[in-house]
Amino acid sequence: MSTPHSSSTSSVPHRASPPQIPASLTLAPTASSSSPSSSSASGMRDAAEDDSDSPPSQMSEDDPGGEGGGGDRWEPDLRGGNNGGGGRWAPPDQVLENVLETVLEFLTAARDRNAASLVCRSWYRAEAQTRRELFIGNCYAVSPQRAVERFGGLRAVVLKGKPRFADFSLVPYGWGAYVSPWVATLGPAYPRLERICLKRMTVSDDDLALVAKSFPFFRELSLVCCDGFSTVGLAVIAERCRLLRVLDLIEDYLEDGEDELDWISKFSESNTSLESLVFDCISVPFNFEALEALVARSPALRRLRVNHHVSVEQLRRLMARAPQLTYFGTGAFRSEGAPDGGLAVTELATSFAAARSLVCLSGFREVDPQYLPAIYPVCAKLTSLNFSFANLTAAELKPVIRNCTNLRTFWVLDTVGDEGLRAVADTCSDLRELRIFPMDASEDSEGSVSDVGLQAISEGCRKLESILYFCQQMTNEAVIAMSKNCPELVVFRLCIMGRHRPDRITGDPMDEGFGAIVMNCKKLTRLSVSGLLTDKAFAYIGKYGKLIKTLSVAFAGNSDMSLQYVFEGCTKLQKLEVRDSPFSDRGLLSGMNYFYNMRFLWMNSCRLTMRGCKDVAQQMQNLVVEVIKDHYEDEGEAEIVDKLYLYRSLAGPRNDAPPFVTLL
């Protein structure tokens, strides 16, 4: 569940030969995700893009359209080499050749490949040498050296670093997740590497320079919620990666510096293969003429998201240069001229009418409502519309929504109000994903959406599969209605901001509402709970939530039995995030038999003690148990634990932990 800050609501068999790679070290067919945000609710949007109930072969269930491996089919070298890649190789035998010819070439899912690698040593070697994409869900789950030793022919690597709550400053600055050792190791091993996707990693300009130097065939770089780099590093990537097709910078946090460069101008004039350029999170100005020229010489460009320095006048020029765009992020969406002397709405509407391939629209960072009618010509074709930056009222939004009859994905601020959600319900019957973000993320704010809007959505959008809903008040009746009207739900995240909010009409706990969700939504794999909840709600979750892989809990439960119900009942649980809940060592220890099957456990501001955490560390030697202090200046070992982060690792405890992290 998304968590704005500490005062608001939030979610959270050993085999000796051949060695088994955990689910956190798997093949990744997807690319990067999009995570738009506004100044008051950026944390919510970041988390909305993150860890999910998706299978290990995917980076996130929120990835809006990840591509597969891409590129030409790679034929493994059966003579003992790996085209310059690292790793060990054994001479092929008949079994290996049969596997390569009849089985492995058809296996793309990580689960299938992992299973194949456990059949015998020949299959293990063959799977390792034919795997092209590697997903590592925790950069500390395995060492770079071990990954290189096993996989010899990788073309794509996806790495995730910091825990999800780093987006809300709940993970102290300097915690770790440095990409440097990975880049240094991957460079010599995989000279033919084409794609790197990093999420919540600390990336320096030197790291980006090493990427550009190490991989001459490099084509795709995606940095999602990363920090540590600046326009200097981006300039190196743009200048030296002559084959670059994708540069996606999504919700990154750039370092401020005096050496800011005009990085867009560094793209080589010989680079005409760009397919995706996303930089709406880069707040510094850039050379617009250089961008316009780059867009003009990139006939394959399909995805472009620009930052708030782009006005509607410049937007029109870009659209004229790239009528083939399918995904467009509009930048500011306001005029750079005087109110009476700016671009006419009809002129901008003409440009949108010419964009015949456009199906996804986002941006609107500083939207001027008078320009909204300009997008009417494309509304009927849109399948995705992101208004999560736009502070618009229901009256301003309804005329747009009523033209969007084919929407499948809609993101919006809660300023849409219940009235606006009724318009969505009346118009968008094919909607599959809805996200409502708060304009004001504080728990005592006056939200504009409620149970009324949720019930309207459930009645009009019955194909809904995923919902994230921030509100201030809710009823069991509305949640039960959603469980019955939208049985296809896979993701349900209800964030009732404020602590322990009951049913606004009856005053009862929200137990029955969440109980109905897990009972009636048989496909549910991700759940975030909030509001006044007792152990009864968790008993429902444990009994009926058999497919749940990600569970986020905030300000909920009234005893350790809540955790025990979850551990014993949710047999597929991979990720559990808990914050500000009354769970103690007893609840933690009730999960001892289940931690090995999970990717991670995060507990923040609960009632854990150092003794309980040490008990877990002593009894589960193959898990890494990190105790993180809230305050850097605290000296010595405190009895009460601020934060606990527990995860699986083949590499053992990391060697780059800062002083405020204790590894047990």
Side-chain angles (χ1 to χ4, degrees), residues 13-30 53-59 68-69 74-78 80 82 85-160 189-190 525 546-547 549 571-575 593-600 620-624 647-652:
H14 181 71
R15 183 183 176 92
S17 178
Q20 184 173 1
I21 294 294
S24 59
L25 182 58
T26 55
L27 177 69
T30 59
D53 54 272
S54 59
S57 61
Q58 295 182 337
M59 182 170 181
W74 175 66
E75 296 295 340
D77 184 355
L78 298 182
N82 54 32
R88 297 185 296 267
W89 182 252
D93 54 21
Q94 189 61 46
V95 173
L96 175 57
E97 292 178 357
N98 289 340
V99 169
L100 292 173
E101 293 176 1
T102 63
V103 178
L104 289 183
E105 63 178 305
F106 300 108
L107 296 185
T108 57
R111 294 180 186 277
D112 295 338
R113 279 191 163 267
N114 286 345
S117 71
L118 298 177
V119 172
C120 63
R121 289 185 179 275
S122 293
W123 284 53
Y124 174 81
R125 292 194 299 265
E127 192 283 318
Q129 293 298 323
T130 56
R131 185 176 292 214
R132 294 188 60 186
E133 301 186 20
L134 182 67
F135 169 72
I136 299 175
N138 177 356
C139 65
Y140 291 121
V142 67
S143 68
Q145 291 75 18
R146 180 160 184 163
V148 165
E149 287 173 2
R150 176 173 178 183
F151 301 106
L154 296 181
R155 297 290 181 83
V157 173
V158 180
L159 281 172
K160 295 174 71 173
Y190 306 122
T525 60
K546 298 304 180 183
L547 297 183
K549 296 179 181 178
T571 56
K572 294 187 180 296
L573 191 65
Q574 289 285 308
K575 293 173 269 189
N593 295 329
Y594 309 98
F595 290 148
Y596 277 133
N597 295 323
M598 296 172 58
R599 182 182 294 181
F600 72 79
M620 311 198 76
Q621 299 292 322
N622 293 328
L623 292 181
V624 176
Y647 54 89
R648 298 177 307 187
S649 177
L650 295 175

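We count residues from 1, following the sequence as given. What you see is a predicted model; the values in this text were computed from it and never measured.
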A.B. asks: For the residue pair Arg599 and Lys575, what are the closest heavy atoms and their distance?
C.D. replies: NH1-NZ, 4.0 Å
A.B. asks: List the atom of Tyr140, the atom of Ser649, and the distance in Å for their closest heavy-atom pair.
C.D. replies: O-OG, 2.7 Å
A.B. asks: If I take atom CE from residue Met620 and atom CZ from residue Arg648, how far apart are they, to the nearest 0.5 angstrom?
C.D. replies: 11.0 Å
A.B. asks: How far apart are the closest heavy atoms of Lys160 and Gly137, and which atoms are they?
C.D. replies: CB-O, 3.5 Å
A.B. asks: Rounded to the nearest 0.5 Å, what's the gap from OG1 on Thr571 to OH on Tyr594? Could you check?
C.D. replies: 9.5 Å
A.B. asks: Tell me every residue that passes side chain to side chain contact (heavy atoms under 4.5 Å, CB included) with Ala115, counting only those two or more places apart in sequence or in another chain.
C.D. replies: none
A.B. asks: At what distance, to the nearest 0.5 angstrom, does OG1 of Thr525 lie from NZ of Lys572?
C.D. replies: 11.0 Å
A.B. asks: Once you round to the nearest 0.5 Å, how far does CG of Leu623 lie from CZ of Phe600?
C.D. replies: 13.5 Å
A.B. asks: Side chain to side chain contact (heavy atoms under 4.5 Å, CB included) between Glu127 and Arg150: does it pass, once the steps are laid out?
C.D. replies: CA-CA 10 Å; Glu127 192 283 318; Arg150 176 173 178 183; 3.1 Å; yes
A.B. asks: CG of Leu134 to CG of Leu159: how many Å apart, nearest 0.5 Å?
C.D. replies: 7.5 Å
A.B. asks: Return the minimal non-hydrogen interatomic distance between Ala651 and Ser143, and the atom names on each side.
C.D. replies: CB-N, 3.7 Å
A.B. asks: Return the minimal non-hydrogen interatomic distance between Arg113 and Arg131, and the atom names on each side.
C.D. replies: CB-NH2, 3.6 Å
A.B. asks: To the nearest 0.5 Å, tell me how far Leu154 CG sits from Gln129 CD.
C.D. replies: 9.5 Å
A.B. asks: Closest heavy-atom contact between Asn593 and Asn597?
C.D. replies: O-ND2, 4.5 Å
